[in-house]
Amino acid sequence: MSTTEWQPSALQRERDAYRRRRSTRAILLSLAITVAVIAVFVTIIHSSSGWPKVRDSFFDLGVGWKGLPGLLDAFWINVQIMLISEVCILVIGATLAVLRTLQGPAFFPIRFFTAAYTDIFRGLPLLLVILLVGYGVPGLRLAGAPKSEMVLCIIALVLTYSAYVAEVFRAGIESIHLSQRSAARSLGLTTWQTTRFVVFPQAVRRVIPPLLNDFVSLQKDTTLVSFVGVIEITLTSLNQQSQDFKFVHQVFAGLVFLALTIPLTRFTDWYSKRKGWVGGGQIR
């Protein structure tokens, strides 16, 4: 029996061509509106009386380019703080989430203290935590207590973000259907083995997109460590500004952050769509 390759019908080809034409028109219309909005915005800015001074202060690219190497060197401090904090946050946040989901009256004190921890540090502004830890811990003069401003700021970031990440992990754990636990227990797994080998791995896969969003925020919040004297990119840009009184250094600092956060944000969006978190899909 001979087989022939499937070919779309004339009606199907006509529908596909119509969809392509409609998509092309939509793209062209979007581009036209975008260009028009940008043109209006640029015209308004250029026609303002203060534009020459703003251009000289914020968009002196020659001055900004000269200060860029110093900003990149300082940005490495931000990256180090983020990477070290992320590892600690993941470990502590996952541990808190598991502890808070323990069942039984014997574990009530643990659930109570973990809930109190998350409530307190989610309710406190991060800047206040950095100031309290950065100035309070050295003020206690405890033997063996860290004195490095960078270490103290990492502790403050970990304390705050661990509370948020713990809730993300807890939501993932509680999203796993009870039938998964029942099936694991029926196979002879203990409660700890069920959590470790069945529930937690599934929960981790589900919470990766919101975790990535939290780490994008963490990268930006590393600039707050400048309030306790850590010479990172924000404080470096302010020091450069104090020498020539130009805000272009802050503009370049912002561009450095965008070079890191935008790709990570786009990756988060792509991963979310792939896993069905957006667009009406289902979590797999």
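Below, all heavy atoms of this structure are taken into account, side chains as well, without hydrogens, waters or symmetry copies.
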S.K.: Quick one: does Val230's side chain get under 4.5 Å of Leu235's, heavy atoms only?
M.R.: no
S.K.: If you define the side chain from C-beta out and look only at heavy atoms, does anything of Leu83 sit under 4.5 Å from Val87?
M.R.: no
S.K.: I want to check something: taking the side chain as every heavy atom from C-beta on, are Val198 and Leu189 in contact at a cut-off of under 4.5 Å?
M.R.: yes
S.K.: Identify, with sequence neighbours excluded, every residue that meets side chain to side chain contact (heavy atoms under 4.5 Å, CB included) alongside Thr236.
M.R.: Leu71, Ala74, Ile231, Gln240
S.K.: How about Asn239 and His249: does a side-chain donor come under 3.5 Å of a side-chain acceptor?
M.R.: no
S.K.: When rounded to the nearest 0.5 angstrom, what distance separates CG in Leu132 from CG in Leu127?
M.R.: 9.5 Å
S.K.: Could you walk me through whether Phe121 and Tyr164 pass side chain to side chain contact (heavy atoms under 4.5 Å, CB included), step by step?
M.R.: CA-CA 8 Å; Phe121 284 100; Tyr164 289 101; over 6 Å; no
S.K.: Please list, one pair per line, the donor and acceptor atoms closer than 3.5 Å that link side chains of residues 135-155 to other protein atoms, with sequence neighbours excluded.
M.R.:
from: Tyr135; atom 1: OH; to: Phe227; atom 2: O; distance (Å): 3.1
from: Ser148; atom 1: OG; to: Met150; atom 2: N; distance (Å): 3.4

S.K.: Please tabulate, for side-chain N and O atoms in residues 52-59, each donor-acceptor pair with protein atoms closer than 3.5 Å (sequence neighbours left out).
M.R.:
from: Asp56; atom 1: OD1; to: Lys246; atom 2: NZ; distance (Å): 3.3
from: Asp56; atom 1: OD2; to: Lys246; atom 2: NZ; distance (Å): 3.1
from: Ser57; atom 1: OG; to: Phe247; atom 2: N; distance (Å): 3.2

S.K.: List the atom of Pro263, the atom of Leu260, and the distance in Å for their closest heavy-atom pair.
M.R.: CD-O, 3.5 Å
S.K.: If I take atom CZ from residue Phe75 and atom CD from residue Gln219, how far apart are they, to the nearest 0.5 angstrom?
M.R.: 4.5 Å
S.K.: Under the side-chain hydrogen bond (donor to acceptor under 3.5 Å, both in side chains) rule, what pairs show up with a residue in residues 74-103, not counting sequence neighbours?
M.R.: Asn78-Thr222, Asn78-Glu232, Arg100-Thr118, Arg100-Glu167
S.K.: Taking only residues two or more places apart in sequence, or in another chain, which ones meet Arg196 in a side chain to side chain contact (heavy atoms under 4.5 Å, CB included)?
M.R.: Trp192
S.K.: Start with the C-alpha distance between Arg206 and Ile176, add both sets of side-chain angles, then the distance that settles side chain to side chain contact (heavy atoms under 4.5 Å, CB included), and finish with yes or no.
M.R.: CA-CA 9 Å; Arg206 294 189 177 190; Ile176 305 302; 3.9 Å; yes
S.K.: What residue pairs, at least two apart or across chains, pass salt bridge (charged side-chain N to carboxylate O under 4.0 Å, His left out) with a residue in residues 19-31?
M.R.: Asp16-Arg19
S.K.: Look up atom CG in Leu255 and atom CD1 in Ile262, then write down how far apart they are to the nearest 0.5 Å.
M.R.: 9.0 Å
